[in-house]
Amino acid sequence: MSSSSEQTQVSTNLSETPPISKKAVAAAVTGNALEFYDFVIYAYFAVYIGKAFFPVTGEYGSLMAAVATFGVGFFARPLGGILIGSFADRAGRKPAMILTVGLITVGTLGLAITPSYESIGIIAPIIVVICRLMQGLALGGEIGPATSLLIEAAPAKKRGFYSSWQIASQGLAVAVGGTFGVLLSINLTTEQLADWGWRVPFLLSLVLIPIAIYIRRTLPETHENKDEHSSSEIVSTVFREHKKVLILGILLFSSIGVASQIGNYMVSYAVQVLKLSAPIAQGSVLVGGIMTFISALIGGILSDRFGRKVVNILPRIVLMLLVIPIFTWMSNAPSLLTLFTVNAIVASCTAMFATAGLVQIPELLPIAVRSTGLSLVYAFGTAIFGGTTQFIVTWLIAMTDSPMAPAWYVVGISILSLVALVFLPESKNVNVQK
């Protein structure tokens, strides 16, 4: 299907599908939550990981090295999107989703058991970088197959709600990570956290991986009419025939990547910039996770009722208008109240427009290349913008000595996404079985 026919794909003749079981939804999102938990837990403990593996001098040196390595995982996402996304369009959604869980296992295990720089020298940060690449490869290939399956299996009038569980499950992962962070911060000393405490959440997640693989084996397959096209042919088709959706989708996901990473960065920001205690900082993650879970589901319901574009636009505008005042308030009066409030607002707005974006883009792509297309949009959008956010913000704070750098960065990227939304068509009434 060419880009000139994208608009004609939108039709009121919706294809009704049998209701997807709750077990299948749980199977799809459990793996996503597990992988997202493993990926973002690194961000929560970046201060301690930086000291363990990157003994760089200076107040911000080791933290910048740690968040730069965090960004490395993002830059593996496009490769994961290409390889695993196209695999899902060739072999089906289910085998691709089982593969991603296996990859995340390798990366997580490596991070959990790698000795510190003090113990094995330069080999330690090299292993950490490789593990981050493995995690990035897995997550880059996860979103496309899992979201495509949910959209294709959902009732036509509830695709927004069903796909919202992708973001909601990420909120649960964030909340669980925040809970572990609070418990560890309360029960361990700073020295214990830096020495071994940050490894505990990684090790605990490994217990759940066999369960995730088992339940994913029970998933229905929604892409039965597969063809013999190679991965390179599928990727070429996306770039050649769906260039408009690809480019605008990447710009749309830029603000999703930046805003979500600002939320993940708040732990390091609270400790390093606001000088708040570790338990308070980790508690803000729990708040962000809960608000992400609630707001994602609300966003999905609203997008089914009012359309994808309105839910994509309004929360972005709200965040743009509020982010400067609330960051000013927090920097002038750093406390549990201000930190939790800021995190709640950022998480709520981000979850709503992320949900709308995650359903709008795949709805604008045909089933034959949907997984690949969405994987590429998500991977490139989060790699280019989300993957650099923590490093850029840390560098801006260090250079300007201004705690307002994150807020201004959110405003700038939000404007870019709003421009892209002007040119993206509404997709609520698309027939996704084509």
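Since this is a predicted model, take the numbers as computed values, not measurements.
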Name every donor-acceptor pair, under 3.5 Å, that has one atom in a side chain of residues 405-414 and the other anywhere in the protein, sequence neighbours excluded.
residue: S414; atom: OG; partner: V410; partner atom: O; Å: 2.7

Strictly by ring pair (Phe, Tyr, Trp, His ring centres under 6.0 Å), give each pair with a member in residues 80-116 just once, sequence neighbours left out. none
Only pairs at least two apart or in different chains count here, so list each salt bridge (Lys or Arg N to Asp or Glu O under 4.0 Å) that has a residue in residues 382-397. none
Main-chain N/O of [Y] paired to [X] side chain as donor or acceptor, under 3.5 Å:
X    : Y    : result
S164 : G300 : no
S284 : A281 : yes
S254 : L251 : yes
S163 : G160 : yes
K309 : L421 : yes
R159 : V430 : yes

List the residues meeting side chain to side chain contact (heavy atoms under 4.5 Å, CB included) with [X], not counting sequence neighbours, and say none if there are none.
X    : value
L103 : I84, L99, M134, L137, A138
A259 : L319, T350, F353
S119 : P115, S116

Regarding S417 and S255, do their side chains bring together a donor and an acceptor under 3.5 Å, going by distance alone? yes
Return yes if a side-chain donor-acceptor contact under 3.5 Å exists between S236 and R240, otherwise no. yes
Residues at least two apart in sequence or cross-chain that pass ring pair (Phe, Tyr, Trp, His ring centres under 6.0 Å) with F385, listed by chain then number, are none
For the atom pair CG (L203) and CH2 (W196), what is the distance rounded to the nearest 0.5 Å? 10.5 Å
Look up atom CD1 in I130 and atom CD in Q135, then write down how far apart they are to the nearest 0.5 Å. 13.0 Å
Results of side-chain hydrogen bond (donor to acceptor under 3.5 Å, both in side chains) for [X] - residues two or more places apart only:
X    : result
T389 : none
S260 : none
Q360 : N312
T400 : none

Quick test of your reading: applying side chain to side chain donor-acceptor pair (under 3.5 Å), list the pairs with at least one residue in residues 293-306, sequence neighbours left out, ordered by first then second residue. S295-S348, S303-R308, D304-R308
Just wondering, do L297 and F161 contact through their side chains at under 4.5 Å, heavy atoms? yes
Do you know which two heavy atoms are closest between A173 and A33, and how far apart they sit? CB-O, 3.3 Å
Derivation and outcome, side-chain contact (heavy atoms from CB on, under 4.5 Å), residues I120 and I123: CA-CA 6 Å; I120 61 175; I123 296 177; 4.1 Å; yes
Run the salt-bridge test on K428 and E363 with the 4.0 Å N-O cut-off and return the result as yes or no. no
